[in-house]
There are 2 protein chains.
Amino acid sequence: MSEEKHSGGRPRDADAAASIKAATLKLVRERGYNKVSIAAIASAAGVARQTLYNRWSTKADLVLEAVFEETGHYADAPLHNPNKSCKLQLEAFLIQVFTHLKESGSPIRSLIAAAQDDPAFREALRERFVKPREVLVIDLLQRAQDQGELSRTRDVKMLSNFIHGAFWYALLNGEPVDARLARDIANEIFVA
Amino acid sequence: MSEEKHSGGRPRDADAAASIKAATLKLVRERGYNKVSIAAIASAAGVARQTLYNRWSTKADLVLEAVFEETGHYADAPLHNPNKSCKLQLEAFLIQVFTHLKESGSPIRSLIAAAQDDPAFREALRERFVKPREVLVIDLLQRAQDQGELSRTRDVKMLSNFIHGAFWYALLNGEPVDARLARDIANEIFVA
DNA sequence: CTAGATAGTAGACCGCAGTCTATAAACTTA
DNA sequence: TAAGTTTATAGACTGCGGTCTACTATCTAG
């Protein structure tokens with residue numbers, strides 16, 4: 001499954017991808033997406049620029065993979081805890097997502113920016129970042145409806161859009177994305 | 001007020017700004033933000049590139065001004081109509097905003113993208129595009145509370161974030177931003 | 001061992017946003 | 001008129017993302 005056919009030809013350097021991703025993550029976190037050049041990443045990883053383009057077609061693709069290598073990881077822990085109310089589970093989930101954003105929010109904003117002029121990359125970002133979180137939130141809201149914590153009259157898909165939209169809006173407008181926002185969102189979604 | 005001091009020196013070409021903005025709007029709508037170069041705009045406007053940079057410091061600044069020259073214009077008509085419910089007023093307002101987006105949504109997405117790596121421009125975009133619409137929506141929701149159409153327990157600032165976040169989220173993720181979305185948002189905000 | 005295929009490297013190349021310089025043009029003040 | 005100031009223009013320049021080419025290295029199939 002992870003083995004490509006490779007019927008002849010020089011094999012890819014086994015370590016290159018890992019060292020490129022490591023250099024990318026390090027440099028992007030230190031200096032920011034736009035202040036890191038592909039040349040600097042290749043140099044730090046000890047490879048030629050073309051080696052990098054053999055594996056990722058754009059800078060955005062590379063940074064996406066470097067930043068989200070461990071994902072789901074940031075999008076599944078605190079769900080489905082039957083001891084807490086769904087409202088508190090939502091708040092905990094958002095706090096977890098926002099904690100991740102504290103570390104990676106800046107490159108993620110740059111990735112959202114890059115997606116605006118590259119439909120293929122927008123789809124990749126959607127698969128990697130957007131959809132997994134939508135699924136978790138929608139599932140949580142449906143459980144809340146099943147347990148009577150949320151009215152059946154509410155449109156869970158639109159509520160999910162409200163939730164994600166609210167933090168995207170804050171993120172992209174440079175407003176704080178923190179525990180307070182998580183609490184305010186959860187309170188307003190589960191308003192009596 | 002509109003007169004600068006101008007104590008000596010060659011005066012600015014009075015027509016240059018207008019023709020640059022006209023060329024910008026035309027080319028950006030025809031080809032898209034990233035496929036139009038500053039050189040092409042300057043050439044179409046019949047000026048040197050530097051003349052353009054004498055008036056706007058970045059491409060994003062120029063496009064912002066070209067796209068929003070007539071604003072408020074897109075952010076004030078249907079509000080405050082006492083014959084319609086606040087819910088319908090919100091829906092009408094959103095339809096109007098989304099109609100504008102049908103024409104200018106692509107450059108606006110590019111402007112939001114450009115704002116992610118330029119704090120000064122993010123502030124400019126906020127003043128020109130974000131805040132005016134927030135003010136209108138918050139005002140409408142407060143009127144709804146005054147008239148009893150919306151519960152006093154709701155947090156109008158967060159509801160405004162939900163509303164704007166929902167269409168930013170749809171816009172930036174390439175989902176349709178249309179009359180249906182306007183109706184679904186209004187319905188969910190004013191859910192019984 | 002040979003032929004073919006694929007990968008790595010170095011470096012040229014393109015188009016772009018944005019900066020800078022030199023020169024000419026158009027104004028104000030003395 | 002002369003000096004000083006600001007603008008317009010043309011064009012060189014930098015750094016970037018991304019492409020392309022020429023050459024070398026390493027694999028598989030026969």
Side-chain angles (χ1 to χ4, degrees), chain A residues 3-20 23-24 27-28 31-66 107 110-111 113-121, chain B residues 3-20 23-24 27-28 31-66 107 110-111 113-121:
Chain A
E3 296 299 312
E4 298 295 323
K5 17 198 114 172
H6 198 276
S7 62
R10 176 174 175 171
R12 288 192 167 186
D13 183 320
D15 303 329
S19 59
I20 292 169
T24 301
L27 290 175
V28 164
R31 305 184 200 168
Y33 186 92
N34 280 326
K35 297 207 171 157
V36 176
S37 67
I38 292 287
I41 292 171
S43 165
V47 301
R49 276 197 336 283
Q50 187 56 48
T51 299
L52 195 151
Y53 282 108
N54 285 344
R55 291 166 171 75
W56 297 276
S57 59
T58 64
K59 182 181 181 181
D61 275 308
L62 166 58
V63 173
L64 175 64
E65 191 166 330
S110 294
L111 292 177
Q116 298 314 308
D117 298 292
D118 182 341
F121 179 69
Chain B
E3 295 299 312
E4 299 295 322
K5 12 199 114 169
H6 199 277
S7 60
R10 177 173 173 171
R12 288 194 166 186
D13 183 319
D15 303 330
S19 60
I20 292 169
T24 301
L27 290 175
V28 164
R31 305 184 200 169
Y33 185 92
N34 280 328
K35 297 204 171 159
V36 176
S37 66
I38 292 286
I41 292 171
S43 165
V47 300
R49 276 197 338 282
Q50 187 56 48
T51 298
L52 196 152
Y53 281 108
N54 285 344
R55 290 166 171 76
W56 297 275
S57 59
T58 64
K59 185 181 180 181
D61 275 307
L62 166 58
V63 173
L64 175 64
E65 190 165 330
S110 295
L111 293 177
Q116 298 313 307
D117 299 292
D118 180 343
F121 179 69

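Note that the coordinates shown come from a computational prediction; the quantities given were computed from them, not determined experimentally. Numbered from 1 within each chain, the chains take letters A, B, ... in sequence-line order.
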Can you tell me which residue pairs pass the side chain to side chain donor-acceptor pair (under 3.5 Å) test with a partner in residues 33-44 of chain B, sequence neighbours excluded? A:D117-B:N34
Report the distance from atom CG of B:L111 to atom CG of B:L64, rounding to the nearest 0.5 Å. 6.0 Å
On a heavy-atom basis, which atom in B:R55 and which in B:D13 lie closest, and how many Å separate them? NH2-O, 3.4 Å
Report the distance from atom CH2 of A:W56 to atom P of C:dA7, rounded to the nearest whole Å. 14 Å
In whole Å, what is the span from the CG atom of A:D117 to the P atom of D:dG17? 16 Å
Starting from P on D:dT7, measure out to CD1 on B:I20 and report it in whole angstrom. 13 Å
Map A:G46 and B:Y53 onto DNA chain C by nearest heavy atom, then report which one ends up closer to the 5' terminus. A:G46
Is there a side-chain contact between A:T51 and the phosphate of C:dT9, meaning an N or O under 4.0 Å from OP1 or OP2? yes
Would you say a side-chain N or O of A:R10 is under 4.0 Å from OP1 or OP2 of D:dA25? no
Can you figure out which of C:dC27, C:dG18, C:dC16 approaches the side chain of B:T58 most closely? C:dG18
Between atom CZ in B:F121 and atom P in C:dG18, what is the gap in whole Å? 11 Å
Rounded to whole Å, please give me the gap between NZ in A:K35 and C1' in C:dG18. 15 Å
I need the CG-P distance between B:D13 and D:dT6, as an integer number of Å. 18 Å
Of the nucleotides D:dA8, C:dC27, C:dC16, which has the atom closest to the B:R55 side chain? D:dA8
Between B:Y53 and the options B:D61, B:T58, B:I38, B:L62, the side chain to side chain contact (heavy atoms under 4.5 Å, CB included) test singles out B:I38
Can you name the atoms? Protein N/O to nucleotides 10-12 of chain C N/O, anything below 3.5 Å, with the distance.
{"residue": "C:dA12", "atom": "N6", "partner": "A:R49", "partner atom": "NH2", "Å": "3.0"}

Rounded to the Å, how far apart are A:N54 CG and D:dC20 C1'? 12 Å
Earlier contact from the 5' end, DNA chain C, for B:V36 and B:P11: B:V36
Contact class for A:N34 vs. all strands (heavy atom < 4.0 Å): base, sugar-phosphate, or nothing? nothing
Within this structure, what is the CG-to-C1' distance between B:L52 and D:dT9, rounded to whole angstrom? 13 Å
Value rounded to 0.5 Å, distance of CH2 in A:W56 from CD1 in A:I41: 9.5 Å
